[in-house]
Amino acid sequence: EAQVTQNPRYLITVTGKKLTVTCSQNMNHEYMSWYRQDPGLGLRQIYYSMNVEVTDKGDVPEGYKVSRKEKRNFPLILESPSPNQTSLYFCASSLSGGAIDEQFFGPGTRLTVL
Amino acid sequence: QKEVEQNSGPLSVPEGAIASLNCTYSDRGSQSFFWYRQYSGKSPELIMSIYSNGDKEDGRFTAQLNKASQYVSLLIRDSQPSDSATYLCAVKGPGNQFYFGTGTSLTVIP
């Protein structure tokens with residue numbers, strides 16, 4: 001089944017404790033992206049990647065890191081999480097990031113930082 | 001100014017009626033436009049995409065794009081209770097970034 005998977009689905013952590021949220025897709029997509037969704041603010045793009053070793057900042061990259069060492073994986077790293085990073089996170093992928101490409105979303109990761 | 005703005009609603013329509021959702025965007029260089037549906041606690045799923053001025057129909061859904069007015073809309077005909085969800089307008093900018101509106105909550109009343 002073609003899908004985007006994220007792990008973990010739920011995470012409660014404490015301020016400053018480094019964490020990684022994994023994202024993997026099995027559709028051979030070139031474009032991958034991370035979003036956060038907050039009430040009243042909608043979905044905001046954190047980082048995106050056009051291909052292996054190519055990443056770019058989205059609208060809200062501060063406090064996050066990403067890497068794209070393999071085409072299928074695009075982990076999101078929070079080196080020192082803070083409470084304002086408590087949010088619902090979605091990973092998405094599309095074939096090439098072209099104008100007509102549909103983005104497929106993962107199931108989401110709900111992160112709470114205490 | 002936000003990149004993408006939607007009427008936040010909530011919007012309630014009776015079953016069988018037409019639901020009209022609206023979206024405006026700020027960057028005239030935007031390339032393509034998408035409507036996603038998101039059920040509570042779930043991930044967004046694509047309903048429609050549109051790239052050229054005019055109307056695009058798919059079943060009960062019609063997307064309308066007016067680039068001169070920087071306006072995108074989604075019409076849902078014969079609304080069903082299963083259409084009750086939040087609808088997200090998304091715009092692909094001139095680069096490779098995507099911008100989403102805050103969503104419009106739709107309730108279809110049986």
Side-chain angles (χ1 to χ4, degrees), chain A residues 2-7 9-10 21 23 25 27 29-51 54-61 66 68 74 87-110, chain B residues 1-10 21 23-53 56 58 61 63 65 67 72 85-105:
Chain A
Q3 59 183 348
V4 179
T5 56
Q6 295 179 226
N7 281 293
R9 294 289 312 280
Y10 303 90
V21 184
C23 172
Q25 50 90 7
M27 296 171 279
H29 284 174
E30 293 184 353
Y31 186 94
M32 297 186 74
S33 181
W34 276 103
Y35 297 88
R36 61 177 290 175
Q37 187 172 36
D38 302 288
L41 296 177
L43 273 164
R44 292 179 292 168
Q45 196 169 31
I46 302 171
Y47 270 96
Y48 62 94
S49 169
M50 296 296 293
N51 213 325
V54 180
T55 62
D56 274 300
K57 296 178 181 178
D59 258 0
V60 288
V66 293
R68 187 92 180 272
F74 191 45
S87 188
L88 178 58
Y89 291 86
F90 288 104
C91 180
S93 73
S94 67
L95 189 59
S96 66
I100 63 172
D101 283 353
E102 172 186 355
Q103 284 193 95
F104 294 87
F105 283 82
T109 295
R110 188 167 290 282
Chain B
Q1 182 187 5
K2 290 183 181 177
E3 294 281 345
V4 179
E5 300 214 38
Q6 296 182 242
N7 46 337
S8 57
L21 306 164
C23 173
T24 57
Y25 60 95
S26 61
D27 192 330
R28 287 194 174 275
S30 298
Q31 304 176 41
S32 45
F33 309 87
F34 306 86
W35 283 100
Y36 286 83
R37 177 176 62 200
Q38 186 176 27
Y39 293 113
S40 181
K42 301 294 186 182
S43 54
E45 54 180 339
L46 184 72
I47 299 175
M48 295 280 291
S49 56
I50 186 166
Y51 320 107
S52 305
N53 277 328
K56 180 181 178 182
D58 184 0
F61 299 93
L65 174 61
K67 289 187 176 180
V72 193
T86 296
Y87 289 80
L88 307 174
C89 174
V91 173
K92 188 173 192 292
N96 297 305
Q97 279 190 252
F98 286 86
Y99 301 94
F100 283 76
T102 54
T104 298
S105 175

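Just so it is clear: chains get the letters A, B, ... in the order the sequence lines come, proteins before strands, and each one is counted from 1. These figures come from a predicted structure and were not determined experimentally.
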Side-chain donor-acceptor pairs of residues 86-93 of chain B under 3.5 Å, sequence neighbours excluded:
from: B/Y87; atom 1: OH; to: B/D83; atom 2: O; distance (Å): 2.6
from: B/K92; atom 1: NZ; to: A/G97; atom 2: O; distance (Å): 3.2
from: B/K92; atom 1: NZ; to: B/G95; atom 2: O; distance (Å): 2.9

Identify which part of B/F34 has an atom lying under 4.5 Å from any heavy atom of chain A, answering side chain, backbone, both or neither.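 Just the side chain, heavy atoms under 4.5 Å.
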
Under a 3.5 Å cutoff, is there a donor and acceptor pairing between the side chains of A/Q103 and A/S94? no

Does any heavy atom of chain B fall under 4.5 Å from the side chain of A/F104, the backbone, both, or neither of them? neither

Give, as side chain, backbone, both or neither, the part of A/Q37 having an atom under 4.5 angstrom from any heavy atom of chain B. side chain

Which residues share a side chain to side chain donor-acceptor pair (under 3.5 Å) with B/E45, sequence neighbours left out: B/R37

Can you tell me which of A/Q45, A/K57, A/R110 forms the most heavy-atom pairs within a distance under 4.5 Å of chain B?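 So the answer, after comparing A/Q45, A/K57, A/R110, is A/Q45.
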
Ring centroid separation for B/Y36 and B/F98, is it under 6.0 angstrom?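 No, too far apart.
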
Verify side-chain hydrogen bond (donor to acceptor under 3.5 Å, both in side chains) between B/S49 and B/Y51, making sure each step is shown before the conclusion. CA-CA 7 Å; B/S49 56; B/Y51 320 107; 2.9 Å; yes

Highest number of heavy-atom pairs under 4.5 Å with chain A: which of B/Q31, B/Q97, B/K42, B/Q6?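 The answer is B/Q97.
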
